Amino acid sequence: MSPSHWAYPRPAAKYEGSLIVARDTTTVASFLEDAAHYPNGHTAGIARPSSEAEVAAFVQTARRVLPVGAQSSLTGGATPRGELIVATDRLDRILRVSDSEITVEAGVPLLVLQDTLARRKACYPPVPTFDGAFAGGIAATNAAGAATFKYGTTRDWVRGIKVVLADGSVLELFRGQVRAHPDGFFEFHGPNGSKRVPVPTYQMPQVPKRSAGYFAQPEMDLVDLFIGSEGTLGIITEITYAIVSPCPATCAVWLPMSDESAALMLVETLREEARNTWRTNDPCGIDVAAIEYLDRHSLDLVLQDGIDRKYNVQIPHDSAVALLTQVELPLDTTLTPEAAYEQIGASLLSDAPNTPLVRLCQILSRAGVLDRVELALPQNELRQQQLFAVREAVPEAVNRRVGLAKRNISDEVKKTAADMIVPVSRFAESIKLFQKAFEQRGLDYAIWGHISDGNVHPNVIPQSNEDLQKGQEAILECGDEIIRMGGCPLAEHGVGRNPVKQPLLRRLYGKTGIEQMRQVKAALDPEGKFSPGVLFPEEPVAME
């Protein structure tokens, strides 16, 4: 049966009880700030439904609602501005698992999802780096992470969703079931009447990551309209994700380098090797899933906080940048660590065996950096966790310093950061752009991220109130250039209520594009019930 442009929301199951809204000071206080340290959060209460019926019943009676998951938002999107909060943490059931899919409720943490899959020797590859994020939240923001280079973003892995709409009806969708009419709209026929939902006509940047407002393509799948909508069109209560089974074995490669240009050349070599491997299905090819990038400022944070000593990780004094690469290996249970290291030792010999590890070491040798490399083989999961903990220590260090500045300098201090992606061919240009913008303004900063897909996170480390204004100016200036490079200034964290990201969204799609998004929201949420002020202000604002 060919897909239709008609969608049919159904009435929710009737909920006979009365959902309790917590209003006590202790409970409310725990929901007033997300990971962005966005200031002045306030709410009249917290609802914590444990079923779709409870969500729908609450939505029908509430005037303003903010869906909240793990509160890991870096955009202020999970900080309330007077709305009643619908927390999804009690929607925490694993519903179904097969060899190819897993269906979960929105409040299932990724760590629980991955542990469930691991018991079946399966995994969900495109996870963001924070494994405490909730399954519904990553769909609502189209979250992505390090492995986008190989696996894409959340959108590529969502097979179905259930969404509670503003009138309390429930839309159950499977990918391929409903597609936009060629003239650019969906028709909703629900228990409370019919409505037409337009598809925006703006052109999205042609880069792997875009968490920048509503998805829009000719004859798009309706599932994709809700992915990345940041809770502004409905509350996602259930998601079906595709999975990989069996999960590949992974080798982690830690490599601090003294020359940033040489590091960028090595990254391109590894990317090309991986593309060749995928194209030829070469079992001895180098299969790179992700390459992470830490600049010198990021490494300084690691050194200042003693993370290098904690995990015994080498960062030579001349390190300009560090790369952390995930290389997937054939599932070969007969290869012992001793045998693997024997192969690595033979990698410089002409008669070395042809294996992915040997090829990798030969490339590193030709780049003159083999003596600086640490490999953590698949069998050494603890060491891999420690290496990735070093990477995660960088955003944690920045967030901690932002929190200290908020307490010691001003309550108005908040996270001031960018999340931008460019075509990989322009990555070096983008790094120079960020460095110049920050250094010209005398700002302390750190830049890290996913170099394998061209996405990094330049962060300001504020030393004063003035640094916030300077940092915002720098990010807006960089955003304009990133757009001109063909990139996206909003790659994977979304927009939220952030006072810099919202202008970046307007600059990306223009006044017309924002108006088209407003028309989508007005069609599905005519009273502006869901997440008011997220993505764009409730009232139109003048362009910068």
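Predicted, not measured: the structure shown is a model, and the values here were computed from it.
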Do the side-chain N and O atoms of Gln386 and Arg383 include a donor-acceptor pair separated by under 3.5 angstrom? yes

Polar side-chain atom of Ser452 near backbone of Ala290 as donor-acceptor pair, under 3.5 Å: no

Heavy-atom closest contact (Met257 atom, Leu323 atom, distance): SD-CD1, 4.1 Å

Is it true that a side-chain atom of Thr355 and a backbone atom of Val358 form a donor plus acceptor pair closer than 3.5 Å? yes

Distance-minimising heavy-atom pair for Asp259 and Ala262: OD1-N, 3.0 Å

Can you label the angle between the Phe438 ring and the Tyr445 ring as parallel, tilted or perpendicular, going by 30° and 60°? tilted

Quick one: are Ser410 and Val413 in side-chain contact, heavy atoms under 4.5 Å? yes

Any side-chain to backbone donor/acceptor pair from Asp525 onto Phe530? Under 3.5 Å, distance only. yes

Would you say that Cys251 contacts Leu377 through its side chain, given a criterion of any heavy-atom pair below 4.5 Å between the two side chains? yes

Answer yes or no: is there a side-chain heavy-atom contact under 4.5 Å between Glu515 and Phe536? no

When you measure from the side chain of Arg497 to the backbone of Pro532, do you find a donor-acceptor pair of N or O atoms at a distance under 3.5 Å? yes

Candidate pair Phe388 and Leu324, rule side-chain contact (heavy atoms from CB on, under 4.5 Å), full reasoning: CA-CA 8 Å; Phe388 288 114; Leu324 179 57; 3.3 Å; yes

Intermediate values then yes/no, salt bridge (Lys or Arg N to Asp or Glu O under 4.0 Å), Glu429 and Lys432: CA-CA 5 Å; Glu429 189 178 346; Lys432 289 184 173 63; over 6 Å; no

Under a 4.0 Å threshold between the charged nitrogen and the carboxylate oxygen, would Arg484 count as salt-bridged to Glu481? yes

Using the rule given for side-chain contact (heavy atoms from CB on, under 4.5 Å), can you reason through Thr148 versus His450, listing the C-alpha separation, both sets of side-chain angles and the distance that settles it, and then say yes or no? CA-CA 8 Å; Thr148 297; His450 320 302; over 6 Å; no

Note: Pro248 and Cys123 closest approach over all heavy atoms is CD-SG, 4.1 Å

Hey, are the side chains of Thr201 and Gln516 touching, using non-hydrogen atoms and a 4.5 Å cut-off? yes

Identify the heavy atoms of Met420 and Ile475 that sit nearest to each other, and give their distance. CE-O, 3.5 Å

Side chain to side chain contact (heavy atoms under 4.5 Å, CB included) against Ser258, all qualifying residues, sequence neighbours excluded: Asp318, Arg372

Are more than 12 heavy atoms from other residues, nucleotides or ligands located less than 6.0 Å from atom CD of Glu381? no

Donor-acceptor check, side chain of Thr43 to backbone of Glu83, threshold 3.5 angstrom: yes or no? yes

Side-chain contact test, heavy atoms from C-beta onward, threshold under 4.5 Å: evaluate it for Phe226 versus Leu524 and give yes or no. yes

Glu268/Arg275 ion pair, N-O < 4.0 Å: yes

When rounded to the nearest 0.5 angstrom, what distance separates CG in Asp419 from NZ in Lys501? 5.0 Å

NE2 of His297 to CD1 of Ile461: how many Å apart, nearest 0.5 Å? 8.5 Å

Heavy-atom donor-acceptor pair, Glu230 side chain to Leu535 backbone, under 3.5 Å: no

Find the distance between CE (Met485) and OG (Ser425) and round it off to the nearest 0.5 Å. 10.0 Å

With rounding to the nearest 0.5 Å, note down the distance linking CG in Asp453 to CZ in Phe149. 9.0 Å

Donor-acceptor contact present, side-chain Gln384 to main-chain Ala376, <3.5 Å: yes

Consider side chain to side chain contact (heavy atoms under 4.5 Å, CB included). Of Ile447, Val302, Asn399, Ile307, which one does Val394 pass it with? Val302

Do side-chain atoms of Thr277 reach the backbone of Glu273 as a donor and acceptor pair under 3.5 angstrom? yes

Close side-chain approach of Leu382 to Asn380, heavy-atom, < 4.5 Å: yes

How long is the straight-line distance from CD1 of Ile482 back to CG of Leu490, given to the nearest 0.5 Å? 11.0 Å

So do Leu505 and Ile514 actually touch side chain to side chain, heavy atoms under 4.5 Å? yes

Can you see which heavy atom on Pro67 is nearest to which on Ser531, and at what distance? CD-OG, 3.3 Å

Among all residues two or more places apart in sequence or in another chain, which pass the ring pair (Phe, Tyr, Trp, His ring centres under 6.0 Å) test with Tyr509? Tyr202

Steps toward salt bridge (Lys or Arg N to Asp or Glu O under 4.0 Å) verdict (Glu538, Arg64): CA-CA 12 Å; Glu538 291 187 76; Arg64 295 291 179 93; 2.8 Å; yes

Separation between CG (Asp308) and CG (Leu303), nearest 0.5 Å, reads 4.5 Å

Looking at every heavy atom in both Pro125 and Val244, which two are closest together, and how far apart are they? CG-CG2, 3.5 Å

Strictly below 4.0 Å, N to O, side chains only: are Arg441 and Asp467 in salt-bridge contact? no

Passes side-chain contact (heavy atoms from CB on, under 4.5 Å), Arg366 versus Thr269? Steps please. CA-CA 11 Å; Arg366 288 195 293 272; Thr269 298; over 6 Å; no

Between Asp295 and Val456, is the side-chain contact (heavy atoms from CB on, under 4.5 Å) condition met? List the steps. CA-CA 10 Å; Asp295 76 344; Val456 290; over 6 Å; no

Keeping Arg175 on the side-chain end and Asp221 on the backbone end, is there a donor-acceptor pair under 3.5 Å? no

In terms of side-chain geometry, is the basic nitrogen of Arg401 or Asp305 positioned less than 4.0 Å from the acidic oxygen of its partner? yes

Arg507 and Leu476, any side-chain heavy atoms less than 4.5 Å apart: yes

Sorted by chain and residue number, the ring pair (Phe, Tyr, Trp, His ring centres under 6.0 Å) partners of Tyr293 (sequence neighbours excluded) come out as Phe427

Given 3.5 Å as the limit, does a donor-acceptor pair link the side chain of Thr153 with the main chain of Lys209, or not? no

